Number of protein chains: 2
Amino acid sequence: MTTVIPIVSQNLRAACSACSLQELCLPAGLASDEMSRLDEIVNRKRPLKRGDYLYRAGSTLQSLFAVRTGFFKSCVMHDDGREQVAGFHMAGELLGMDGIGSGKHMCDTVSLEDSEVCEIPFGELEQLSRDIPTLQQHFHRILSREIARDYGVMLLLGSMRAEERLAAFLLNLSQRFAARGYSSKSFLLRMTRNEIGSYLGLKLETISRALSHFQDEGIIAVQNKSVEIKDADRLRAMVGQCAGHQ
Amino acid sequence: MTTVIPIVSQNLRAACSACSLQELCLPAGLASDEMSRLDEIVNRKRPLKRGDYLYRAGSTLQSLFAVRTGFFKSCVMHDDGREQVAGFHMAGELLGMDGIGSGKHMCDTVSLEDSEVCEIPFGELEQLSRDIPTLQQHFHRILSREIARDYGVMLLLGSMRAEERLAAFLLNLSQRFAARGYSSKSFLLRMTRNEIGSYLGLKLETISRALSHFQDEGIIAVQNKSVEIKDADRLRAMVGQCAGHQ
DNA sequence: ATCAAACCTTGATCTGTGTCAAATCGCCGG
DNA sequence: CCGGCGATTTGACACAGATCAAGGTTTGAT
């Protein structure tokens, strides 16, 4: 179909090949000349150290960001200082889409390990997507998938019990690592227990206890940040079979 | 700026003028010739009775829908039958955006009262938005606002206590009614206590008790489906001031 | 290498919501 | 107008998960 010319599109193609899951990436399915046009508007990759903010809530949205490498969290903040992790993001994912509506970012996005992103000026992306229908369609799908993901999180927060939420979370991470060519069985938790808890609407002690419990049951092995899934079937069975529907 | 020609755009303009909030509506800010092009692709309005499904989870996405009149809920369903209300929708809002990514609707959307929608074939909308930059930008903003809204729901589900959630919910409804020219003080709850509970991640008994409590405190007056907000300030104070951060 | 700070685990206890149950209300169809 | 069924309210009680507390461990800066 489309001939791949390796020289072209160093930036985005790298972000894309970092994950082997084409679907996530903006330029998937573009012809190589289209790809190079997209590549032209992408600013040079930008490195972030752990703890660096990619953008802050309230700041003006100029660009979207494609994660090349690393790991991010997005947090929405309440007036009173309460903070809720709205998502974790890895290679190949697009960040900043929540800010298009108002022109201002709605959340803080922070690097959880040394990371690299491509910056994509939003105005130019919009312009280009008028010329390249494939790009336009792809961008719409990515926006829509974020909405669908959010619905999943609502389901999780609204109707699952603690251990069920954690099981769903681990399976989700596992699957996303697998999609990027990493092990689905064994991976590192880039975030703290507190951050997992915030994302899942639970307290850090509850996360810690649930992990310990899973380990006692032989479902996983945990050691600090590293997790090994020993019985994925049992983990899957935990999601959606909790007798008590809360 | 743009001359408004009333004859043009009967369908969408009606959906739009149903709410006085331009921002929500797809054709906001279009020139009248652009408006008429948009209007051409919009299928005739479609009436729904209370309880009718606008679309079902898993069905192929053909169109998006703009609510002209009425009230809807969207529910995501878990494998085991658990159901979570993901949102309530009123005049001027666009429905179906969660299904663009996969080409299939991710949720059921059901009419909660006799309603009317405009059907907007998605492929043609995508086509047209390449020709009309204003439309494209507007569509992007609407998609993005849905993401931002979802982040708000996550904050609510993940870090607010029961009465705080309900207060936030009532204020949100109040504001949306006001934006459409209805009273912000006095309105009908189109959904059941059970549906409110599902949306807020609570049980119907908790909703009922919280409503009764608000009434005892003189913050609202409830009578079946009808609510009157008597002290909006106190309601606002409840959101974000709950000492216990859960 | 050392030290402080952040992070994690585990136990004991408390509490906000869920669960169960029963009575009442209100609406729709006949 | 009546009967029945779903929706709502309210109470009593149970329990999942929060809170409080105390140690222990890891990390990262100097």
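The shown structure was predicted, so the numbers you read here are calculated from the model rather than taken from an experiment. Quick note on labels: first sequence line is chain A, next is B, and so on, each numbered from 1.
When the P atom of C/dC7 is taken as reference, atom CD1 of A/Ile207 falls 15 Å away, rounded to whole Å. Atom P of nucleotide D/dT9 and atom CZ of B/Phe214 are separated by 13 Å, given to the nearest angstrom. Regarding B/Leu112, its CG atom lies at a distance of 12 Å from the P atom of D/dA7, rounded to whole Å. Atom C1' of nucleotide D/dG17 and atom CD of A/Glu164 are separated by 15 Å, given to the nearest angstrom. Put simply, CZ on A/Arg209 is 12 Å from C1' on C/dC8, counting in whole angstrom units. In this entry the distance linking NZ of B/Lys203 with P of D/dC13 reads 22 Å, nearest Å. Regarding A/Leu189, its CG atom lies at a distance of 14 Å from the P atom of C/dC7, rounded to whole Å. What separates CG of B/Leu204 from P of C/dA21 is a distance of 15 Å, to the nearest Å.
Donor-acceptor pairing under 3.5 Å, judged by distance alone, is absent between the side chain of A/Arg165 and the base of D/dG17.
The shortest distance between the side-chain N/O atoms of B/Thr206 and the OP1/OP2 oxygens of C/dG18 is below 4.0 Å. A sub-4.0 Å separation between OP1 or OP2 of D/dT9 and a side-chain N or O of B/Arg193 is present. A close approach under 4.0 Å does occur between a side-chain nitrogen or oxygen of B/Ser212 and OP1 or OP2 of D/dT10. Distances shorter than 4.0 Å separate none of the side-chain N or O atoms of A/Arg161 from OP1 or OP2 on D/dG17. Between B/Lys225 and D/dA7, a side-chain N or O to OP1/OP2 separation shorter than 4.0 Å is absent.
At its two ends the helix from C/dA1-D/dT30 to C/dG30-D/dC1 runs along axes set 60° apart, each axis drawn from five pairs and the angle rounded to 10°.
Proximity of A/Leu54 to A/Leu48: side-chain heavy atoms (C-beta onward) are separated by under 4.5 Å at one or more points. In this structure the side chain of B/Glu195 reaches within 4.5 angstrom of the side chain of B/Leu112, judged on heavy atoms. Counting heavy atoms from C-beta outward, B/Arg209 and B/His213 have side chains that stay 4.5 Å or more apart.
Side-chain proximity of B/Glu205 to C/dG18, C/dC20, C/dC7: nearest is C/dC20. With C/dG18, C/dG26, C/dC7 as the choices, the nucleotide that has an atom nearest any side-chain atom of B/Asn224 turns out to be C/dG26. The A/Ser208 side chain lies nearest to C/dT10 when the options are D/dT19, D/dT10, C/dT10.
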List the steps, then state whether side chain to side chain contact (heavy atoms under 4.5 Å, CB included) holds for B/Arg190 with B/Phe88. CA-CA 9 Å; B/Arg190 256 50 210 235; B/Phe88 296 108; over 6 Å; no
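Residue contacts for B/Leu202: at a heavy-atom cut-off of 4.0 Å it reaches the sugar-phosphate backbone alone, with no base atom in range.
Each side-chain hydrogen bond (donor to acceptor under 3.5 Å, both in side chains) pair with one or both residues in residues 46-62 of chain B, not counting sequence neighbours, appears once here: B/Tyr55-B/Thr109.
Here B/Arg145 contributes atom CZ and B/Asp150 contributes atom CG; the two are 13.5 Å apart, rounded to the nearest 0.5 Å. Rounding to the nearest 0.5 Å gives a distance of 10.0 Å between OG of A/Ser184 and CG of A/Leu171.
Salt-bridge annotation for B/Arg149 and B/Glu93: absent, with no side-chain N of the basic residue lying under 4.0 Å from a carboxylate O of the acidic one.
Remark on DNA chain D: of its neighbouring residues B/Met191 and A/Ala162, the 5'-side contact belongs to B/Met191, judged by nearest-heavy-atom nucleotide.
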